[in-house]
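What you see is a predicted model, and the numbers here were worked out from it, not measured in a lab. When reading the values below, keep in mind they use all heavy atoms of this one structure, side chains included, and skip hydrogens, waters and symmetry mates. Every chain is numbered from 1, with letters handed out A, B, ... down the list of sequences.
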Protein chains: 2
Amino acid sequence: MDANFDKELFIEKFKNSCNRIQIKNFKKNEIVTTYIEKRNQICIVLSGEVDLIRYDSNGNKTIIGHFVVSDVFGEVFYPANTNNELFVIARKNSEVLFFTYDTLFNKCRRNCDFHKELTSNLTELFLDQIINLNLRIELLTKRTIREKILAYFDILSKRSIRRSFTLPFSYTDLADFLSIDRSAMMRELKLLIDEGFIKKHGSKITLTF
Amino acid sequence: MDANFDKELFIEKFKNSCNRIQIKNFKKNEIVTTYIEKRNQICIVLSGEVDLIRYDSNGNKTIIGHFVVSDVFGEVFYPANTNNELFVIARKNSEVLFFTYDTLFNKCRRNCDFHKELTSNLTELFLDQIINLNLRIELLTKRTIREKILAYFDILSKRSIRRSFTLPFSYTDLADFLSIDRSAMMRELKLLIDEGFIKKHGSKITLTF
DNA sequence: TTTTTTCTGTTGCATATGCAACAATTTTGT
DNA sequence: ACAAAATTGTTGCATATGCAACAGAAAAAA
């Protein structure tokens with residue numbers, strides 16, 4: 001996703017560091033982690049894709065976040081007293097790096113060069129994450145299903161630099177990601193097709209406006 | 001808001017730095033900045049409160065973000081090609097610190113102690129901001145008006161450590177913040193009162209469940 | 001391969017939410 | 001202190017959206 005992110009270099013730096021870090025592999029649909037207790041865990045996607053999921057009391061599934069290579073996630077980014085049980089699931093086979101924020105900042109203040117660079121690296125990763133979250137909020141604050149769909153398609157279109165793109169989700173998951181009802185979304189998609197705004201072949205969408 | 005944020009110390013560090021920074025004062029309702037061109041601007045609220053606002057083509061106002069002391073905002077946190085015109089307005093008389101991300105990282109790589117500490121500071125500010133954004137996404141992904149209201153009240157309740165708290169918004173703005181219709185929200189609030197979930201005196205809310 | 005599960009596409013119906021409009025109240029500005 | 005502007009509180013009505021259900025297609029598992 002981020003062309004400037006040198007995964008190998010980043011891992012190498014971590015491995016040579018004084019911090020305890022872990023790299024784990026996950027098969028598709030495996031649970032990567034849960035946000036239950038506050039361990040100040042930070043995770044970085046090294047390969048694959050993972051989703052942050054919430055099920056509410058009505059059984060509604062919501063894809064709170066969708067993370068790809070170089071994205072950061074983890075329960076350190078959530079307040080301690082959250083009422084929700086959130087968990088992260090691998091959408092594809094994925095490789096994830098784990099460490100803790102505490103380890104990074106509190107236990108290792110030796111002013112070593114590594115830390116300086118790591119902190120800087122982390123700042124950039126955090127910045128990227130803030131940008132992603134702001135994009136997500138832009139989507140979610142749209143008032144209608146149509147606006148949400150078009151806003152999301154616009155993002156995907158800009159990312160692919162084309163008017164055509166392939167959805168990273170199934171339509172079922174797309175609805176859970178946009179926090180809307182699936183059948184209502186399908187209905188709106190059909191309207192958008194009928195009105196000539198988009199074309200749709202399987203999970204490939206083309207904007208025609 | 002953040003008890004660990006030492007505003008005076010932070011400003012002092014900035015002022016003694018090699019970066020060009022600015023501190024400006026704004027009266028209530030004055031425009032603090034707009035997100036139009038990409039200047040990589042980062043802003044920090046030193047006092048007061050500011051709102052990030054979007055008006056859509058239907059005239060709907062949305063309060064995308066609400067920032068208080070120690071919160072960071074700025075168009076560096078938004079992708080370059082956003083379609084929206086966003087602007088930041090002072091909700092109260094406010095003091096805001098301005099600098100640019102580029103200045104910080106590109107032009108001043110002298111490895112001076114200030115930068116190391118500033119970067120670390122910034123990382124913590126970014127982390128706090130990510131937590132805020134995640135809370136906001138939690139709100140916005142709730143499916144019903146009732147759930148949104150109760151989730152937001154729960155946050156305010158936890159912040160005040162009491163079952164009672166005063167809304168930081170007018171009811172008009174609260175609706176714009178939750179991205180829902182004001183009259184529908186008022187209706188739901190009345191239902192919540194009638195069903196004994198909350199009490200309401202002006203802008204003071206008490207949870208009774 | 002065959003079987004099982006998940007996903008897609010669609011529709012009728014119920015209802016939560018948005019919209020418009022207005023009076024009463026409160027706040028702001030002069 | 002007064003006038004103007006904004007907010008609150010409320011309601012009737014329209015409709016966008018959610019819900020339930022199902023058949024066919026596609027994907028995954030056996």
query = Starting at the 5' end of DNA chain C, which residue's closest nucleotide do you reach first, A/Y171 or B/S179?
reply = A/Y171
query = For B/R182 and A/K200, take the nucleotide of DNA chain C holding the closest heavy atom to each; which residue's nucleotide lies nearer the 5' end?
reply = A/K200
Check the distance between [N]'s [atom2] and [X]'s [atom1] and give it to me in whole angstrom.
X: B/N29; N: C/dT28; atom1: CG; atom2: P; result: 9 Å
X: A/D176; N: C/dT8; atom1: CG; atom2: C1'; result: 14 Å
X: B/M186; N: C/dC22; atom1: CE; atom2: P; result: 19 Å

Between [X] and [Y], does any side-chain N to carboxylate O distance fall below 4.0 Å?
X: A/D173; Y: A/K61; result: yes
X: B/E49; Y: B/K28; result: no
X: A/D154; Y: A/K158; result: yes
X: B/D176; Y: B/R182; result: no

note = DNA chain D: first to last nucleotide in contact with chain B (atom under 4.0 angstrom from a heavy atom), 5' to 3', is D/dT7 to D/dG12
For the residue pair [X] and [Y], would you count it as a cation-pi contact if the rule is NZ or CZ under 6.0 angstrom from the ring centre and within 45 degrees of the ring axis?
X: B/R91; Y: B/F67; result: no
X: B/R136; Y: B/Y152; result: no
X: B/K24; Y: B/F98; result: yes

query = Reckon A/S183 touches a base, only the sugar-phosphate, or nothing at all at heavy-atom distances under 4.0 Å?
reply = base
Min side-chain heavy-atom separation B/I205-B/L156 under 4.5 Å = no
message = Do B/I131 and A/Y78 make a side-chain contact, defined as non-hydrogen atoms from C-beta onward lying under 4.5 Å apart?
response = no
N or O in side chain of B/K28 less than 4.0 angstrom from C/dT28 OP1/OP2 = yes
message = Need to verify one output field. Residue with the more 5' nearest nucleotide on DNA chain D, B/R187 or B/D173?
response = B/D173
message = Need the bend value for the helix from C/dT1-D/dA30 to C/dT30-D/dA1: angle between end axes, 5 pairs each end, nearest 10°.
response = 70°
